[in-house]
Amino acid sequence: MGQTISEKIFSSHVKREVTAGDILFTPLDLMMSNDASFPLVLEALQKIRGYTLKEARKLVLILDHYCPSPSQEVSRIHEDIKAFAHQFGCTLYAEGEGVCHQLIPEKGHIRPGHLVIGSDSHTTTYGALNAFATGVGSTDMAVAIHYGLLWFKVPLSIRIELNGNIPKGVYAKDISLHFIAKVTSRGANGLAVEFSGDTLGKLSMEGRLTICNMVMETGAKAGIMPADEVCRAWLKGKGITDILPVTPDSDAAYAREYTFDISSLEPQVATPHQVDNVHPISEVKGKKIAMAFLGTCTNGRLEDLAVAAQILKGKRIHPGVVLVIAPASRDVMLEACNRGYIQALVESGGMLNAPGCGPCVGALGGVPADGVNVISTANRNFIGRMGNVKASIYLASPATVAASCLTGEITDPREFL
Amino acid sequence: MGIAHKFGDDINTDYIIASKRKRDTVDPKKLVRFLMEDIRPGFGGTVQPGDFLVAGENFGCGSAMEIAPMVVVGAGIQAVLAKSFARTFFRNAVNLGLLLVTCDTEQITGGDELALDLEQGLVRNLTRRVEIPFQPLPALMKKIVQAGGVIPFLESDEGRALLPLL
Ligand code: SF4
């Protein structure tokens, strides 16, 4: 029987052939934690007498959720994390460097075939680079960095095949929302999702990261894409050339297979309060919005800022809309400055946050008012997600968010492209 | 024995404990009073040690943050019963030694009195006089839960014996 990509990655790590369903302890290639989860990791570590941090050099710590710090308490947490990174020699990305799921791929930490954990659910993002990457809790993280290994159940996989050209006004986010609606928010619970199909080759690395980020919203343990020429070229740009792509066997067994024709897709919107509550833009347009958010580990990348800037350049946003922008990283922000995107966005009326999570989890920098509708490029629209249980969050692509800023209501971006 | 508190499908970790509450403290004891506050205000103040959380499909979906099961443990919940659990919540609960029971929860209503029979794999609904069978955990996971979580497990003789295998 052939193996899926996941089965191959687990097999290579435990150095024997394993199959979906096997429960095993395995070593890992990289661990990521951030300022939201690391305080709990530290607490979990305290439960291990005389912890040693055997795997400190594989640990990357990122300050991204609460930056700049909104309180004394958070400032103390930031100081503790910095001191810890210094003491044990972990890689640290401090305040203002960006969101964890942007930095880990951007800074060249991921290679095809890697087995990676992060104490954050959207760790699945790195699967765009042909790695098995999954979110874990703080005890898992503490166990991994002290013992150097972690228990896993090798997951069954489902296959999502994306075919066809990507229509104008349709982006990786729309593709993601479309398959999430079909698979549902729990349809891939505990399973790995393998992507295939000719649409992948038409997506930039940034778009692929968006899709593997959003795949988490189906409950998936990981979302994995093949390492093709686009992926190789992107890695080469980071100085990574000695890669060993992992491909599934042709007779690998999948729990389910889905095929999507992207060529007829229209822009999609997830309506409150579930990510799989997805509607085509034609059914949602006209809904009044009072706030818009452009950013996050889903859609705060350069091409996202580019398309928003293209739509907003030389125009003013609707006076009833507050637009908050948080670039996914410092490098993204600098490049967006160089290319004039930031200028266009700010001139149009947008407000710029520091690179990081921004208002995504309602921790700082843009909490919506009672009763308002927000249109956001983030990955979750749960009740209270942005810090106010009385606000309603709609999720869409950066183009749809930008177009909606101009009109003050949810708007089809194709009208402005 | 304990009282059932019934919730619906897709109870995500942000509902279990709101993200904004985690900013100021990660002490589960202090967070217990905010348990489920966005969907059932005041609930955290009423729950008693030994009670059960009962839900539908996909309990614990959303963020992987362990604070959600930690607050459930902090509230003294005896076990969470659901038709299915989200993967990360399941993992975290196993790691913390929180007992999760996957079973048909249709036959349980809020306020019912329940008793767990782990040996037989049965939930006894004392109020309705029905017995609901459940699948026991796979052996390795059961050992971890019974040890009180993955760290106590790995520190136990049996856990230590596993380490050199890697
Ligand atoms: S941007 Fe939002 S979803 Fe991404 S890591 Fe930050 S809080 Fe989580």
Side-chain angles (χ1 to χ4, degrees), chain A residues 14 23-27 36-37 39-41 43-44 47-49 65-66 70-71 73-74 118-123 134-143 146-153 155 185-186 189-191 216-217 219-221 274 361-364 367 380 382-385 387 389, chain B residues 9-10 12-15 18-28 37-39 41 56-70 83-97 138-141 144 148-155 159-160 162-163 165-166:
Chain A
V14 297
I23 297 178
L24 45 81
F25 275 89
T26 170
S37 55
L40 284 170
V41 177
E43 293 216 347
K47 294 188 212 157
I48 305 173
R49 239 174 319 118
H65 276 59
Y66 312 122
S71 71
E73 180 68 17
V74 170
S119 49
D120 190 283
S121 57
H122 294 102
T123 299
T134 192
V136 298
S138 39
T139 301
D140 277 323
M141 186 58 65
V143 165
H146 171 69
Y147 297 99
L149 46 92
L150 195 60
W151 69 276
F152 282 96
K153 182 169 169 188
S185 65
R186 50 186 186 235
N189 187 22
L191 307 175
M216 171 59 213
E217 304 312 317
K221 192 163 178 169
Q274 286 281 129
V361 278
L364 83 168
V367 176
R380 288 193 176 137
F382 302 155
I383 294 173
R385 174 73 181 181
V389 295
Chain B
D9 292 339
D10 297 309
N12 65 57
T13 49
D14 284 356
Y15 293 168
S19 287
K20 61 172 190 271
R21 298 292 181 192
K22 303 183 291 216
R23 198 175 60 194
D24 296 323
T25 177
V26 289
D27 180 351
E37 66 171 332
D38 283 356
I39 52 169
E57 302 281 0
N58 204 25
F59 186 86
C61 57
S63 141
M65 286 205 50
E66 200 158 329
I67 192 73
M70 280 170 77
K83 290 184 194 164
S84 63
F85 292 91
R87 175 195 89 79
T88 43
F89 187 89
F90 190 89
R91 241 193 117 78
N92 290 335
V94 168
N95 285 340
L96 291 172
L140 180 61
M141 288 187 206
I144 294 173
V150 67
I151 293 172
F153 173 74
L154 286 171
E155 293 292 325
R160 279 176 194 285
L162 265 179
L163 295 183
L165 287 181
L166 315 149

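Sequence lines set the chain letters: A, B, ... in the order given, protein chains first and strands last, and positions in each chain run from 1. As the structure is a prediction and not an experimental result, all values here were calculated from the model.
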Subject >> A/Val74 versus chain B, the contacting section by heavy-atom distance below 4.5 Å >> reply: side chain

Subject >> Residue A/Pro70 versus chain B: region with a heavy atom under 4.5 Å >> reply: side chain

Original post:
Does B/Ile144 reach the side chain of A/Trp151, with side-chain heavy atoms less than 4.5 Å apart?
Top reply: yes

**OP:** Tell me, with the steps shown, if B/Leu154 and A/Phe25 meet side chain to side chain contact (heavy atoms under 4.5 Å, CB included).
**Re:** CA-CA 11 Å; B/Leu154 286 171; A/Phe25 275 89; 4.0 Å; yes

Subject >> Toward chain B, the part of A/Met216 with a non-hydrogen atom under 4.5 Å >> reply: side chain

**OP:** Identify which part of B/Asn92 has an atom lying under 4.5 Å from any heavy atom of chain A, answering side chain, backbone, both or neither.
**Re:** side chain

Original post:
Do A/Asn189 and B/Glu57 have side-chain heavy atoms sitting under 4.5 Å apart?
Top reply: no

Subject >> Under 4.5 Å from any heavy atom of chain A - which part of B/Leu96 >> reply: side chain

**OP:** Measure A/Arg380 against the heavy atoms of chain B and call it side chain, backbone, both or neither at under 4.5 Å.
**Re:** side chain

Subject >> Rounded distance [0.5 Å steps], CG in B/Asp10 versus OG in A/Ser185 >> reply: 4.0 Å

Original post:
So, do B/Arg91 and A/Phe152 sit near enough that their side-chain heavy atoms are less than 4.5 Å apart?
Top reply: yes

**OP:** Write down the atom of B/Pro138, the atom of A/Ile23, and the distance for their closest heavy-atom approach.
**Re:** CB-CD1, 4.0 Å

**OP:** Apply the test side chain to side chain contact (heavy atoms under 4.5 Å, CB included) to residues A/Thr134 and B/Arg87: give CA-CA distance (whole Å), side-chain angles for both, the deciding distance (0.1 Å), then the verdict.
**Re:** CA-CA 11 Å; A/Thr134 192; B/Arg87 175 195 89 79; 2.7 Å; yes

Subject >> Spacing of CG belonging to B/Asp14 relative to CZ belonging to A/Arg385, to within rounding of 0.5 Å >> reply: 5.5 Å

**OP:** Side chain from CB out, backbone as N, CA, C, O: work out which of these in B/Leu140 comes under 4.5 Å of a heavy atom of chain A, or both, or neither.
**Re:** side chain

Subject >> Structural part of A/Glu217 lying under 4.5 Å from a heavy atom of chain B >> reply: neither

Original post:
Heavy-atom distance under 4.5 Å to chain B: side chain of A/Asp140, backbone, both or neither?
Top reply: both

Subject >> Closest-packed option against chain B by number of heavy-atom pairs under 4.5 Å, given A/Val367, A/Asp120, A/Val136 >> reply: A/Val136

Subject >> Option in A/His65, A/Lys221, A/Lys47, A/His146 with maximal non-hydrogen atom pairs under 4.5 Å from chain B >> reply: A/Lys221

**OP:** Could you check which of A/Ser138, A/Ala142, A/Ala220 has the highest count of heavy-atom pairs closer than 4.5 Å to chain B?
**Re:** A/Ser138

Original post:
Tell me, side chain or backbone of B/Phe85 under 4.5 Å from chain A's heavy atoms, or both, or neither?
Top reply: backbone

